[in-house]
There are 2 protein chains.
Amino acid sequence: MTTPSAHAGYPAFHRQVCSRRDDYIREVFARHQEAIRVKKESVVVRKLAAIFDKTLEISNRHGFQAMSVRDLSEATGISMGSLYSYIESKERLLGMILTYGHVVVDHTLRIPEALTGPRERLHHVLRTHVYITEVMQPWFYFSYMESRHFDRDTREQTIAGELRTERLIADLLDEGVAQAVFPVRDTGLTAALIKPLLQEWYLKRWKYRRRGIGVDDYADRMIAFVDAALNGAAET
Amino acid sequence: MTTPSAHAGYPAFHRQVCSRRDDYIREVFARHQEAIRVKKESVVVRKLAAIFDKTLEISNRHGFQAMSVRDLSEATGISMGSLYSYIESKERLLGMILTYGHVVVDHTLRIPEALTGPRERLHHVLRTHVYITEVMQPWFYFSYMESRHFDRDTREQTIAGELRTERLIADLLDEGVAQAVFPVRDTGLTAALIKPLLQEWYLKRWKYRRRGIGVDDYADRMIAFVDAALNGAAET
DNA sequence: AAAAATAGAGCGAGCGCTCGCTCGATAAGC
DNA sequence: GCTTATCGAGCGAGCGCTCGCTCTATTTTT
């Protein structure tokens, strides 16, 4: 279990995450077992995969609340009754989908210890973030767009996750400042300004697709932009 | 750094936009008159203001589709029947609200001709954008979050507006490149990376409020960040 | 008293979810 | 080895409820 050391480019990353997909869904099954009436794991994994995919697809077009369970039933080809032996309730389905994303992200976003320089570590985090949001674009888009409708606890959990990423970037900037690599003054605010550049990739991907800009292109350019901003920060 | 016509700070800007509010709503009334059964302009303007405010308030918490017209009736204190003599349909209400925002933005986002230097012109656009999204935060948030649920035409109109802002920034960057002010290579992509920094202000304002960062603070820091990125672009 | 504005009960459609049932695969009995 | 009993997965009409919207009676304004 390792993240590809530094980065072998997006395709390798994509393949690795996809190959583990069933494991991730099995983990979701384990965490929500009391809500699922169907027993056989292989059946559950196959169906959940379809249910998650179609839910994200429909929700990201019309909103989760606007998606009726009948819509989902029709899209997956699973009857109403059958569907409800996998999801317990529409709300629980939401919880499962969020769990799914968290499981994937937790297994993916780690900084290899081999990387020691603050700039290299920052670059790695930025690139990995772009990569994982590319693989899981529907999930990140969903999580971003729907979070304001979540119940209090779930919403605060999502916000906490968001702030954790920002904190991670701020800490890396602090490291860089301590080692005199970045001439940044307010690392907290700078991290806050870098964050939307990461989110841009999964929120407005269609714009870049239209222009023929791929994942690695975006990561390169965005990292260059950030580097320039960090370097130029001394001047003003 | 500020030219007289350019910016006297946020408070003055805020006062000016607010004082024109009734005029903007009158314009909305004019454009949607066939959908409104109530005749007297003064009554319509007063009620529409309340309807728009509450719609944005409720929708931004739970989503426009999740807001029932009964909720809106209760929040505004206007009965169901009365409400429907102002809005014709929930969909038309959406159209009116979008019109409202467009009217305000069209009257506000203009570059004073007195500004000639590309950097000053860019700064003006960035700052004005932050200012207007501060005054109209609920509207911008609404428009951003709900646009994916709009019907085809309305959605494309919203996207076109988004791309127009990006184009404006890209053109200013091109000007700067032509006059050797900015050493930027891909102005289109750079503009695309600046855009989310503008949107950040109305999408995540709570984060900055929590930290005690005000409008002018954000505008200053964000513009400094962009300047740094534009200056540093030559190095890599 | 005429016109304009407001009120709120009521309508059909569509929502999330349930429940009595069918069906095919596997296990148990002989 | 054939029959029978058991089980889990799948099905979809139907329930109680809320939705967007309407319509007529009533109040307010002029």
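Reminder, nothing fancy here: chain letters follow the sequence lines and each chain counts from 1. Not measured: the values here are computed from a predicted model.
The nearest whole Å value for the distance from the CD atom in A:E91 to the P atom in C:dC15 is 19 Å. Atom CE of A:M67 is separated from atom P of C:dG14 by 18 Å (rounded to the nearest Å). Atom CD1 in A:I87 sits roughly 9 Å away from atom C1' in C:dG16 (whole-Å rounding). Per the geometry, NZ belonging to A:K90 stands 16 Å off P belonging to C:dG14, to the nearest Å. Residue B:Q65 contributes atom CD, which lies 9 Å from atom C1' of D:dC19 at whole-angstrom precision. In this entry the distance linking OH of B:Y84 with C1' of D:dT24 reads 18 Å, nearest Å. To the nearest angstrom, P of C:dC15 lies 12 Å from CD1 of A:I58. Distance, B:L83 CG to C:dA7 P: 10 Å, rounded to whole Å.
Among the candidates A:R21, A:H32, A:E27, the single residue satisfying the side-chain hydrogen bond (donor to acceptor under 3.5 Å, both in side chains) test with A:Y100 is A:R21.
Classified by interplanar angle (parallel below 30°, tilted 30° to 60°, perpendicular above 60°), the ring pair A:Y131/A:Y10 is perpendicular.
A:S89 comes within 4.0 angstrom of sugar-phosphate atoms only, judged by non-hydrogen atoms across all strands, and of no base.
Counting non-hydrogen atoms of other residues, nucleotides and ligands closer than 6.0 Å to NE2 of A:H14 gives a total of 12 or fewer.
Between A:Y208 and A:W201, the ring centre distance stays below 6.0 Å.
No hydrogens or angles considered: nothing links the side chains of B:K39 and B:Q33 as a donor-acceptor pair under 3.5 Å.
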5' to 3', nucleotides 8-13 of chain D under a 4.0 Å protein heavy-atom cut-off (B base, S sugar-phosphate only, - none) gives SSBBB-

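Annotation: cation-pi pair A:K90/A:F64 present, NZ/CZ under 6.0 Å from the ring centroid and within 45° of its normal.
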